[in-house]
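What follows is a single structure, written as structure tokens, with notes after it.
Below, chain A is the first sequence line, B the second, and so on; all start at residue 1. All figures in this text were calculated on a predicted structure; none of them were measured in a lab.
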There are 4 protein chains.
Amino acid sequence: MSPRRRDAERTAAARERRRAEILETAAEVFARQGYAATSIRQVADAAGMLAGSLYYHFDSKESMADEILSGFLDDLWTSYDAILAEGGDARATLERLVEASFASIHRHRPAVVLYQNESRHLALNPRFAYLDESQTRFRSMWMDLLTRGADEGAFRADLDASLVYRFIRDTVWVAANWYDPHGRLPASDIAKQYLAMVLEGIQAPGE
Amino acid sequence: MSPRRRDAERTAAARERRRAEILETAAEVFARQGYAATSIRQVADAAGMLAGSLYYHFDSKESMADEILSGFLDDLWTSYDAILAEGGDARATLERLVEASFASIHRHRPAVVLYQNESRHLALNPRFAYLDESQTRFRSMWMDLLTRGADEGAFRADLDASLVYRFIRDTVWVAANWYDPHGRLPASDIAKQYLAMVLEGIQAPGE
Amino acid sequence: MSPRRRDAERTAAARERRRAEILETAAEVFARQGYAATSIRQVADAAGMLAGSLYYHFDSKESMADEILSGFLDDLWTSYDAILAEGGDARATLERLVEASFASIHRHRPAVVLYQNESRHLALNPRFAYLDESQTRFRSMWMDLLTRGADEGAFRADLDASLVYRFIRDTVWVAANWYDPHGRLPASDIAKQYLAMVLEGIQAPGE
Amino acid sequence: MSPRRRDAERTAAARERRRAEILETAAEVFARQGYAATSIRQVADAAGMLAGSLYYHFDSKESMADEILSGFLDDLWTSYDAILAEGGDARATLERLVEASFASIHRHRPAVVLYQNESRHLALNPRFAYLDESQTRFRSMWMDLLTRGADEGAFRADLDASLVYRFIRDTVWVAANWYDPHGRLPASDIAKQYLAMVLEGIQAPGE
DNA sequence: GATGAATGAGTCTTCATTCAT
DNA sequence: CATGAATGAAGACTCATTCAT
């Protein structure tokens, strides 16, 4: 490998690292203050540079949001797809999906918050059409799983499936708002407790 | 009562009605587009007037949000306080609180959405200190109820109480994002199914 | 006519007058400094208002240019069409077209300068497609006239028609750069001398 | 001559060549898009380098325009001065000046376009004072020639001299906007036809 | 000679707000 | 009560320019 080749690789990697840093900072600020309520200058301040300098790395505020969200969703679907590919009964699949979801909150907390709070507005923009597509795929994945589980006799059949779907969806993702990656409970424990609640309920047994 | 006095009352009432109308419109637009992403002009358009005219009724965008949110919270706490005053065991109280919450989503859907999405940012402003206060009261109300329920043997004791609290809180309020006042399921049915899930779990019995 | 109706008309007319004033100012500044080199603030200064206030009257800098140019072209084609409708031989038609062109420079000097200097760049924008359309119509109008004149024996046949076309076109419009509406020579005199040069040449007769 | 000296000369020459290349590219881009509307980055792109790299060769955007324009004007005046030094009657001089002008359009097309479109704005800057000086010299050269020609009986005396001056000036230079160095008509042919029009007019003889 | 990252001033535009009518 | 015109601050974004490497 020529020295020049090595140089190019080193700088390309360095640039990628810088972009990732800025993106993480941006995600945090967007998550904390809301996308619309955050000025590009606040992002730049948090990243230790001037507002104009951000545009060396990113085209626009929008493309920052785009990279943040698509990075999160790509990662999420990679882990979902692996789980679905494994097969297994509905109950086991549900557990793994929930665990994967909390793990993804652990890795992408600010992105998840952004997704939760802004995806509805952003999806109006054709550039963010993939948000709706993801949402659709997500919904059918869960609806299929829930009806299959009811057929298999694993889940109660007396509940409205789409209500259960929303119930699970909401409770999982909304946790990003309070989840602390350095907190007392690791994501895997939260997932466990969460599954206990969802599956067995909070009522004392035999009640 | 003098005629002039009656006139004054009539116009005061009319003004109050107009304010309420505008406020409802504003709440809807804020809920749909987000508070920061909504311009006062969009609110005015939706209310059938010009931007400047809104300032006859309200002295700022902020005070609209203020009235929307405090109106909702006042109403919510009125119904919560009535339930708490009644007494009753933890399980029954929990049911009534959840029912009251969904009823309040029915009555104040846009306000609830606004509350969910913006209260964190708004609460930074001293004017909205009451949001944090409400949040604090809300938290202790639920924590008390949940620990009492565990003591009474009504609720499982093996779950992290503050996790259960967040779990219930989030799922209830996030429902405002998809609840449709004119939809298939009335708020009371949703509350029932929701309680079934939370109390008994979605797992088939005897599994 | 009701008083309210009269009011509406008065204010609509007043607004139209204000717009026209601003537009004229803008056209002058654009013509003097170039469209791209002129900031919206300079236009606002010249119009005696703040930059933001311009946006009450106009959507964008671009739409100011649009109105300036289309106003000029509409007026120009109205007078051209009238001349073409009259008929007459090629020589007479040419004279009337040239006179109409100088008259239009008199009425729309800054717009003509803007047209000359910026239409090529602006026409890249679909919004300004009409500039190219006008250019095309203009070219065929003149080419038809010149070949008809050569056929009628009124114009020399030994010259390249498209060269003559460009020659006439350019010289007429470029005059907007130095024409002074309050100057020594009125537009009609310039047109006369211009026609003398173009038709008979500057060479002394019998030379 | 020492080898080191030869090296220095070779690199100095290479540098000069690179500068000239870049300058030509810049002139083309400026001519096509307008000076103000062209960013230094577009110039750099066209020259196959990054924006920052241009500053190794030139110290500002302005100095590029400066070199482009002064290069053109120096060349132009060199050929004009040669013609004027030759002497000869007004008619012959006029023909040679016009031919020289079209030849200069052939050699410096983009620079001429730049000159035509931007010299008025640029001349406000003291650095470009020479533009006005050239303009002044140009005007007196032509006015002298035209009045001498009228005195000599070569040119008609019934036309306004300063109008004729502008007429000739404009038609010659504006041709840079459509002249194509590789087109059907070479510059010398255009000059010939142009002279035929200007001197004899487009009217059929004996009309 | 050239690159890549950053600067800081400036651009167009939006928007909450004011106020005379 | 409402309108229409304007304000002024702020926002996203561009760009000529600099400079360490």
* To do: Using distance alone, with no hydrogens and no angle criterion, decide if D/Gln116 and C/Asn117 have a side-chain donor and acceptor under 3.5 Å apart.
  =>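 Not at all, the side chains of D/Gln116 and C/Asn117 share no donor-acceptor pair under 3.5 Å.
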
* **Donor-acceptor side-chain pairing of A/Asp74 and A/Tyr130 below 3.5 angstrom** =>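 Absent: no donor and acceptor within the cut-off.
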
* Asked: Any cation-pi pair here, C/Lys61 with C/Tyr55, using under 6.0 Å and within 45°?
  ->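 Relative to the ring axis of C/Tyr55, which defines the angle, C/Lys61 lies outside at least one limit.
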
* F/dT21 to E/dG1 separation - C1' atoms, rounded to the nearest Å ->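 That atom pair is separated by 13 Å.
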
* Asked: For C/Arg18 and F/dA6, is the shortest distance between a side-chain N/O and OP1 or OP2 below 4.0 Å?
  ->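 Checking C/Arg18 against F/dA6: at least one side-chain N or O falls below 4.0 Å of OP1 or OP2.
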
* Report yes if at least one side-chain N or O of B/Tyr56 is closer than 4.0 Å to OP1 or OP2 of F/dA2; otherwise report no. =>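 For F/dA2, OP1/OP2 do not have a side-chain N/O of B/Tyr56 under 4.0 Å.
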
* Looking at residues 114-126 of chain A, who's got a heavy atom less than 4.0 Å off DNA chain F? ->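 When residues 114-126 of chain A is checked for heavy atoms under 4.0 Å from DNA chain F, there are no hits whatsoever.
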
Given atom [atom1] of [X] and atom [atom2] of [N], what is their separation to the nearest angstrom?
{"X": "C/Asp45", "N": "F/dA6", "atom1": "CG", "atom2": "C1'", "answer": "15 Å"}
{"X": "C/His57", "N": "E/dT14", "atom1": "NE2", "atom2": "C1'", "answer": "16 Å"}
{"X": "D/Leu50", "N": "E/dG1", "atom1": "CG", "atom2": "C1'", "answer": "12 Å"}
{"X": "B/Met49", "N": "F/dG4", "atom1": "CE", "atom2": "P", "answer": "12 Å"}
{"X": "D/Leu54", "N": "E/dG4", "atom1": "CG", "atom2": "C1'", "answer": "14 Å"}

Is it true that a side-chain atom of [X] and a backbone atom of [Y] form a donor plus acceptor pair closer than 3.5 Å?
{"X": "B/Arg120", "Y": "A/Arg32", "result": "no"}
{"X": "A/Ser53", "Y": "A/Met49", "result": "no"}
{"X": "D/Ser60", "Y": "D/Ser63", "result": "yes"}
{"X": "D/Arg41", "Y": "D/Leu50", "result": "no"}

* Asked: Of the nucleotides E/dA2, F/dG4, E/dG8, which one has an atom closest to the side chain of C/Arg15?
  ->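 It is F/dG4.
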
For the atom pair [atom1] ([X]) and [atom2] ([Y]), what is the distance rounded to the nearest 0.5 Å?
{"X": "D/Glu24", "Y": "D/Arg109", "atom1": "CD", "atom2": "CZ", "answer": "11.0 Å"}
{"X": "C/Leu122", "Y": "C/Leu114", "atom1": "CG", "atom2": "CG", "answer": "7.0 Å"}
{"X": "A/Glu62", "Y": "A/Tyr35", "atom1": "CD", "atom2": "OH", "answer": "5.5 Å"}

* Asked: Given the rule that a pair is Watson-Crick or G-U wobble with both distances under 3.5 Å, how would you write DNA chain F in dot-bracket, using | for pairs to a different strand?
  -> .||||||||||||||||||||

* Mark up nucleotides 12-21 of chain F, 5' to 3', with B wherever a protein heavy atom is under 4.0 angstrom from a base atom, S wherever such an atom reaches only the sugar-phosphate, and - elsewhere. => SBBSSBB---

* To do: Count the heavy atoms belonging to other residues, nucleotides or ligands that lie under 6.0 Å from CD of D/Gln42, then report whether that count exceeds 12.
  =>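 It does: D/Gln42 CD has more than 12 such atoms within range.
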
